[in-house]
Amino acid sequence: MRDAPPQTIHLSDYTQPNWWVEAVELDFTLDPKATRVRSRIRFVRNTGLAHGDLHLDGEDLALLTAAIDGVALSENEYQRTESVLTVPAARLPEDAFTWEAEVEIAPADNTALEGLYMSGGMYCTQCEAEGFRKITYYPDRPDVMAPFTVRIESAMPVLLSNGNPVARHGPVAEWRDPWPKPSYLFALVAGDLVAYSDHFITRSGRTVALNIWVRRGDEDKTHYAMGALKRAMTWDEQVYGREYDLDVFNIVAVDDFNMGAMENKGLNIFNSKFVLARPETATDRDFELIEGIIAHEYFHNWTGNRITCRDWFQLCLKEGLTVFRDQQFSGDMRGHAVKRIDDVLMLRARQFREDSGPLSHPVRPESFVEINNFYTATVYEKGAEVIGMLKRLVGDAAYQRALDLYFTRHDGEAATIEDWLKVFEDATGRDLTQFKLWYSQAGTPRITVEESFKDGTYVLDISQETKETPGQDEKRPLVIPVAVGLIGPDGVEVAPTRVLELTEPRQSFRFEGLAAPPVPSILRGFSAPVILDHSPRFEDRALLLAHDTDPFNKWEAGRSLSRESLLSMLKDGTPPAAAYLDALTRVAGDDALDPAFRALVLALPSEDDIAQGCVDAGLVPDPTRIHHTRKLLASQIAEAARDTLETIYAQMVTKGSYSSDAASAGKRALRNTALRLLTPLDGPPRARAHYDGADNMTDQLAAFGCLLDAGDTEIAARFHEDWHGDRLVMDKWFMMQIAHAAPGEAVSRAKILTEHPDFDWKNPNRFRSVVAGLAAGNPAGFHDPSGAGYAFLADWLLRLDAVNPQTAARMSTAFETWRRYDTDRQGMIEAQLRRIDRAEGLSRDLGEMVGRMLAHSRNTH
Ligand code: B3K
Ligand code: ZN
């Protein structure tokens, strides 16, 4: 039973608070079971409103004392519910007052990992979105910004909070953050930690101390993260003109963390998986993610912290923009072509998937029950795409002018999407009324293209349509930038990229003076987050794969050929065309191309992508057949490209000179792709040698996967033997065994692993390894016709929900595509969702997710 009926919060209900905060002083005496928090908060009246009540958020707090202007409040002078304390206006001075309170909390009992909690013996915090209210009574809303002074008393040797260190006397440390900030950016860390330290000199010549704090023994895994931080600091100065604004920047790695990392002012807290790395333990993908996430959190210092969100509906204001910035940064560091393909792969895998099901919502949602459920691919990744489109429409120079205006106009403020778009309107004179629909209209638009050619004039007729999504039946036409170039029949580009602005349901665009009908390269660079419905002839796609000057569309041409081959195989067993296999082989063997790009061309769509492809083609996806068909196509590619793959395997050797840079990583990616394709043909000896000879985790893990696929029964024990002392590598061990189990054995493998002594299910990384290893890593196993995968997931979600609702709710999205499948599977999933929905004590988090997934289901009509 839920404690109180969950309330829906609406954007349209936003009102300013009656009281602003001028200054905050917090005083912590840390104790695992009984931490005391004393607060002293200076409130001033919001003069725009009538003199009103004071509302303070507070959850799970034992209130010991409360006073206003030094006079203790008796219990009948305020009202208290489970989540809010209200002091009536009549009890409050006219213009300003000081609130003082003392509360007691128990960080050791906080398994939800929100508020102040303990991880591996250290104290740490996670306050975004609404965790600060579990620390003390406060107006826990992002539009209330104030400078904080924090005093911490503890026997722990390292005591950290936001801002600059002010004093340290024995067990007491004091920190002061001069920059006004909302409570969600508050952080505190106390532990027996060691730092890897360095410094950065800003462009105006200030020296900033940099520290990465880790548990003893992890010091040797911090160097890469430090380099990434310094690169990010330099880049933000050079590209956005943004300089760091405190004397110290601290990063702390924590093992138990619900998400990737958190941008607390001056004290970023990270899931240790996105900090700790050395070549033997981290893959190239890990290095890339670490660099991107370190940069992302650092960039929040300006886009999120100095300028924050007025309310949580504006989340994309900071997240979409910061993702866009980290994507630009990673592209600059590692190459834009491959980065764009990776980003689009991720967008389609997560955001398009979300947008095509019951959890679809706009980039700026209009209501929520639990805000933590809206840290989604739509808010983050589609939010970043919307900014990319804006930049493309106004041009680079205007984008820069608009951003400069944004920083000067809104520094120190809590802003909205309206404020964001206004700076673009003011900087460019452009009316963005229609463009703004991207923020309010959910769903992935589909654009269809028709071509005609007459007397040297080529005409593209482009239409757009967005299907209805939950709660939004009517869709309006959007502003869609469609980047198009034209390739002549001989493979030479005859028209360079031009951005067509689609604003109507249907529009024609003309290209004059062409000698022959061209092959269009549409949506270059994936210029808009849309589905392009256009099936050019096979030869035209092969031509684009061979000759397109736009690397994204060159890759896309190959991908669409792969997708189509898979669909034909699934439909009626048509074998892949020899010309397709040839075209793929040619690109794979083209030494003029970046190895990372060649690896991406060889990679087949994931099983989940194929399932969505089936739905788009009007087929009901059968996960088991998809799994086997994909494997079959891989083996046919391997047969056809055998010589090329052998050459790649022999040539792309990076051993002996390990570097995590993009060029070396690209070579490893290509070589490991060759290994994956060749192993099923030749058996395990090559993979065994690869495993034995690996001097880095990228190669070792690639070989580990091949050997698991090949049914090697000893390799898992060997890997365990080598790595059981390393938490992050052990997460991979759990995940890989499930992802690479034969579909019929995946659920039993997952069950066996949940009984392993190293399965610490309360650790979100470990939990995710197993659950995502099955639901995302082994779709055919998860969708086992018996329904065992569904029952397994539901059992674990219910168990985790009781201790950590946030992670349970997030993992429940494994069910979001349930209406894609056959009626038997739908029935079994629906039964599991209903079982969860009925469960006693279900959290608001998981309750909302399950409710949304069940809404509009057949039985509720
Ligand atoms: N802002 C945090 C995410 C907080 C998630 C709260 N459930 C990390 C980030 O996006 O940078
Ligand atoms: Zn972020």
Side-chain angles (χ1 to χ4, degrees), residues 110 112-115 117 124-134 140-142 162 181-187 228-229 232 236 251-254 256-275 289-309 311-330 343 346 350-351 363 365 368-384 387 414 764 768 804-813 843-846 848-849:
N110 181 353
L113 315 183
E114 194 187 43
Y117 67 94
C124 61
T125 54
Q126 172 52 38
C127 292
E128 189 177 0
E130 299 180 332
F132 190 74
R133 61 191 62 187
K134 295 182 169 181
D140 190 14
R141 41 186 291 166
N162 315 90
K181 68 165 177 292
S183 49
Y184 82 85
L185 291 172
F186 168 80
L229 173 61
D236 214 16
I251 288 178
V252 181
V254 174
D256 300 280
F257 207 65
N258 278 335
M259 62 266 172
M262 179 64 211
E263 70 264 25
N264 316 298
K265 182 81 189 188
L267 176 53
N268 287 3
I269 299 183
F270 271 65
N271 185 326
S272 54
K273 135 184 195 184
F274 295 118
V275 176
L289 285 169
I290 289 169
E291 184 178 57
I293 296 176
I294 293 260
H296 178 99
E297 306 310 332
Y298 175 73
F299 296 158
H300 267 315
N301 191 52
W302 275 94
T303 51
N305 301 2
R306 289 284 287 254
I307 304 178
T308 192
C309 302
D311 55 75
W312 291 119
F313 296 101
Q314 319 295 331
L315 185 57
C316 62
L317 178 76
K318 74 177 178 81
E319 295 305 346
L321 177 54
T322 306
V323 170
F324 181 69
R325 275 151 50 71
D326 84 54
Q327 291 175 344
Q328 287 182 301
F329 165 78
S330 296
D343 288 342
M346 154 102 140
R350 296 185 38 214
Q351 201 278 324
V363 170
F368 62 77
V369 172
E370 169 53 62
I371 185 57
N372 282 323
N373 288 336
F374 285 86
Y375 285 74
T376 59
T378 298
V379 170
Y380 276 62
E381 272 77 34
K382 187 174 178 183
I387 293 173
R768 243 187 312 263
N804 184 342
Q806 211 179 115
T807 291
R810 175 148 291 241
M811 299 311 293
S812 73
T813 57
S843 70
R844 190 170 60 185
D845 310 55
L846 187 54
E848 180 185 29
M849 295 299 277

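Residue numbers start at 1 and run along the sequence shown. Atom set for the values below is all heavy atoms of this structure, side chains included, hydrogens, waters and symmetry mates excluded. When a ligand or atom number is given, it counts from 1 through the structure's own listing order.
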Q: Are Phe257 and Phe274 close enough that their ring centers fall under 6.0 Å?
A: no
Q: Ion pair present between Arg810 and Asp845, side-chain N to carboxylate O less than 4.0 angstrom?
A: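 No salt bridge links Arg810 with Asp845.
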Q: Under a 4.0 angstrom heavy-atom cut-off, which atoms of ligand 1 come close to His300?
A: 9 (C), 10 (O), 11 (O)
Q: If you count the atoms of ligand 1 from 1 in the order shown, which ones are under 4.0 Å from a heavy atom of Lys318?
A: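 Within the 4.0 Å cut-off of Lys318, ligand 1 contributes 1 (N).
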Q: Please list the nearest protein heavy atom to atom 6 (C) of ligand 1 with its residue and the distance rounded to 0.1 Å.
A: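 Looking at atom 6 (C) of ligand 1, the protein heavy atom closest to it is Glu128 O, 3.3 Å.
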Q: Please evaluate residues Phe368 and Phe313 with respect to the criterion ring pair (Phe, Tyr, Trp, His ring centres under 6.0 Å), reporting the C-alpha separation (whole Å), side-chain torsions for both, the decisive distance (0.1 Å), and the verdict.
A: CA-CA 9 Å; Phe368 62 77; Phe313 296 101; 4.8 Å; yes
Q: Is there a donor-acceptor contact under 3.5 Å linking the side chains of Thr322 and Tyr380?
A: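 Checked: Thr322/Tyr380 side chains show no N/O donor-acceptor pair below 3.5 Å.
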Q: Name the orientation class of the two ring planes belonging to Trp312 and Tyr184 (parallel below 30°, tilted from 30 to 60°, perpendicular beyond 60°).
A: perpendicular
Q: Which ligand 1 atoms are under 4.0 Å away from a heavy-atom of Glu263?
A: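 Near Glu263, meaning under 4.0 Å from one of its heavy atoms, ligand 1 has 1 (N), 2 (C), 8 (C), 9 (C), 11 (O).
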Q: On a heavy-atom basis, which atom in Tyr298 and which in Asn268 lie closest, and how many Å separate them?
A: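 Closest heavy-atom pair between Tyr298 and Asn268: N-ND2, 3.9 Å.
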Q: Is it the side chain, the backbone, both or neither of Glu130 that has a heavy atom closer than 4.0 Å to ligand 1?
A: neither
Q: I'd like to check which ligand 1 atoms, numbered from 1 as shown, lie under 4.0 Å from a non-hydrogen atom of Met262.
A: 1 (N), 2 (C)
Q: With the Zn ion (ligand 2) as the centre, enumerate protein N/O/S atoms below 2.8 Å in chain and residue order.
A: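 Near the Zn ion (ligand 2), below 2.8 Å, one finds His296 NE2, His300 NE2, Glu319 OE1.
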Q: If you measure only the distance, is there a donor-acceptor pair under 3.5 Å linking the side chains of Asn305 and Lys181?
A: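 Asn305 vs Lys181: no donor-acceptor pair found between side chains.
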Q: Out of all atoms in ligand 1, which are within 4.0 Å of some heavy atom of Gln806? Include the element for each.
A: 7 (N)
Q: Distance to 0.1 Å, residue and atom name: give those for the protein heavy atom nearest to atom 10 (O) of ligand 1.
A: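 Heavy-atom neighbour on the protein nearest atom 10 (O) of ligand 1: Tyr380 OH, 2.5 Å.
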Q: State whether a side-chain donor-acceptor pair under 3.5 Å links Asp311 with Gln314.
A: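 Distance-only check passes for Asp311 and Gln314.
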Q: Please identify which of these residues, Asn258, Asn372, Thr125, Asn804, meets the side-chain hydrogen bond (donor to acceptor under 3.5 Å, both in side chains) condition with Glu114.
A: Asn372
Q: Return yes if a side-chain donor-acceptor contact under 3.5 Å exists between His296 and Glu319, otherwise no.
A: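 Looking only at side-chain atoms, Glu319 and His296 do form a donor-acceptor pair, the distance falling under 3.5 Å.
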Q: Charged N to carboxylate O under 4.0 angstrom, Glu128 versus Lys318?
A: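 Yes, this pair counts.
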Q: Under a 4.0 angstrom heavy-atom cut-off, which atoms of ligand 1 come close to Glu297?
A: 8 (C), 9 (C), 11 (O)
Q: Going by the order shown, which atoms of ligand 1 are within less than 4.0 Å of some heavy atom of Asn372?
A: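 Here the atoms of ligand 1 in question are 6 (C), 7 (N).
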Q: Just which atoms of ligand 1 are under 4.0 Å from any heavy atom in Met259?
A: 4 (C), 5 (C)
Q: How about Phe329 and Phe299: are their ring centroids closer than 6.0 Å?
A: yes
Q: Considering heavy atoms of the protein only, find what lies nearest to atom 8 (C) of ligand 1 and give residue, atom and distance to 0.1 Å.
A: Ala261 O, 2.9 Å
